[in-house]
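Right, one structure below, let's go through it.
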Amino acid sequence: MRTIEHWIDGSFTHAVGSATSPVFNPATGQQQAQVALGTSTDVDAAVQSATRAFQEWGQSSLSRRTKVLFAFRELVNARAQELAELITDEHGKVLSDALGEVQRGLEVVEYACGIPQVLKGEFSDQVSADVDSYSYREPLGVVAGITPFNFPAMVPMWMFPIAIAAGNTFILKPSERDPSASLLLARLWQEAGLPDGVFNVVQGDAATVNAILDHPGIAAVSFVGSTSIARHIHARATASGKRVQALGGAKNHAVVLPDADLEFASTHLIAAAFGSAGERCMAISVAVAVGNAADGLVNILEAQARAINVGSGRDAGIDMGPVVTEQAKQRIVDLIGSAQRQGAEIRVDGRGIQVPGFESGFFVGPTLIDGVEASMDVYQQEVFGPVLALVRVKSLDDAIAFINANPYGNGTAVFTNSGAAARTFIRGVQVGMVGVNVPVPVPMAYHSFGGWKDSLIGEHHMHGPEGVHFYTRGKVVTARWPHDSSGASFDMPTAR
Ligand code: NAD
């Protein structure tokens, strides 16, 4: 069985006989490799390497850093297909979607190529006689990223391009379900001229994560994953003195108003709910139909959901691949069953789907559930699968109140032709990322990505200006170049 290793100090490594975890191909249901599970010794080796590398990288000029970033950008772009194939084979999403994920990650690399512009500080001339003051930001040192299975390239790329461009060194702990993309990215960094030790990958699970959280040599931790783990990460890493940003789970609602173009809304809802088999933190999992929009909408949704082609992500013409594991499939199937038992109507049922040639794959078909109520398990839990729940409310105000009562606040959208209604929605909804006739409002790299409430523990959003802020700390210099020796005082310094 092939072993997927760590990447520490510029080379592959794993301790012979160390614990491993199986890596499946979700389309076939077969185990294709095993991934090494890093111990505290592996984490420490990565921290030692990253600490040594920081001595040089943290002092390197902006032009040297951007040269490496531009080269990395070209290499990822040239190898995007290979990266996408690795993602599809371990995650299950269709190839075109995997390519889209690489593209969204590349956009953060492109933003980081402009780091000299965003790191420019501020200068005040002559704040006192012969005194100038200026402020700028310095890197933190060794920082770490812990990432989820659903975007094995894009989510790490929300983090490390900016961290590295800002002069930090980085340790990535990818998801153990789809760990291979991280290693291709590591090799591309090396090819781009990044010194060994600036980017390291330690594979692993919860024990590896805890070794990262406790390590005194790591200054900051970025996390993306489920909310309960985000809380754990935040509590444990802040307890050991680290700066932490921890993005959690989601339950994203799209409101459809009666004045919306229902055909347009439905087409976009279907793509947003079932793209990547619903395994996106910005997937729409709840359609909130207002007033008489509901009946027309549900009929179009049903027809469109039935037309989705489900199959292996490697095959042409496939819209939706499998979910990531057998356990994920079982959990999703159970939640659909609970909705049925609790009184909802299953309009399209994805349980029991068979994909010819892939009978052992982890497939759940598109599922549309009407009449969902807030008390039902399928609404209370993050399904993270190809299930779209339809909720019916009377008014826009009711829709906003319904969304605001949910503990999550990652993404949301409204479908309408009314600017006034859209504005009411934008201003009233307690969610971090809002779309107007855009169901998956993932911000571009030069804005920051982040939810509210249980979707973000901590305060910094990712990439864009907040990403730069997270991976740097401010320094303010007050400098005097005196003409004479006057001006000393025992009083609090004031300008003269
Ligand atoms: P997860 O929380 O199970 O795992 C995320 C990471 O944490 C992985 O690297 C995993 O190895 C590690 N981990 C798992 N259990 C741990 C434990 N007990 N202690 C320490 N570390 C642990 O999430 P997942 O299943 O990989 O990804 C899906 C989740 O991620 C969903 O909840 C989804 O909404 C969320 N997500 C959120 C965003 C966002 O931007 N808010 C983006 C992508 C995914």
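All figures in this text were calculated on a predicted structure; none of them were measured in a lab. Just so it is clear, the values below take in all heavy atoms, side chains as well, and ignore hydrogens, waters and symmetry mates. One-based numbering, in listed order, for ligands and for the atoms of each.
For the 3.5 Å distance criterion, the side chains of Q342 and D377 qualify, holding a donor opposite an acceptor. In the model, D44 has no side-chain atom that pairs as donor or acceptor with a side-chain atom of T41 under 3.5 Å.
Using a 4.5 Å cut-off on side-chain heavy atoms (C-beta onward), K329 and F363 make no contact.
Residue pairs that meet the ring pair (Phe, Tyr, Trp, His ring centres under 6.0 Å) test with at least one member in residues 207-240, sequence neighbours left out, do not exist here.
Residues lining ligand 1 at a heavy-atom distance below 4.0 Å are given as I146, T147, P148, F149, N150, W158, K173, P174, S175, E176, A206, V209, F223, V224, G225, S226, I229, H232, L247, G248, G249, A250, C281, E382, F384, N410, F449, ordered by chain and residue number.
Taking 4.0 Å as the cut-off between side-chain N and carboxylate O, E279 and K93 do not count as a salt-bridged pair.
The side-chain contact (heavy atoms from CB on, under 4.5 Å) test with V429 is passed by exactly one of V255, V414, T424, V434: V434.
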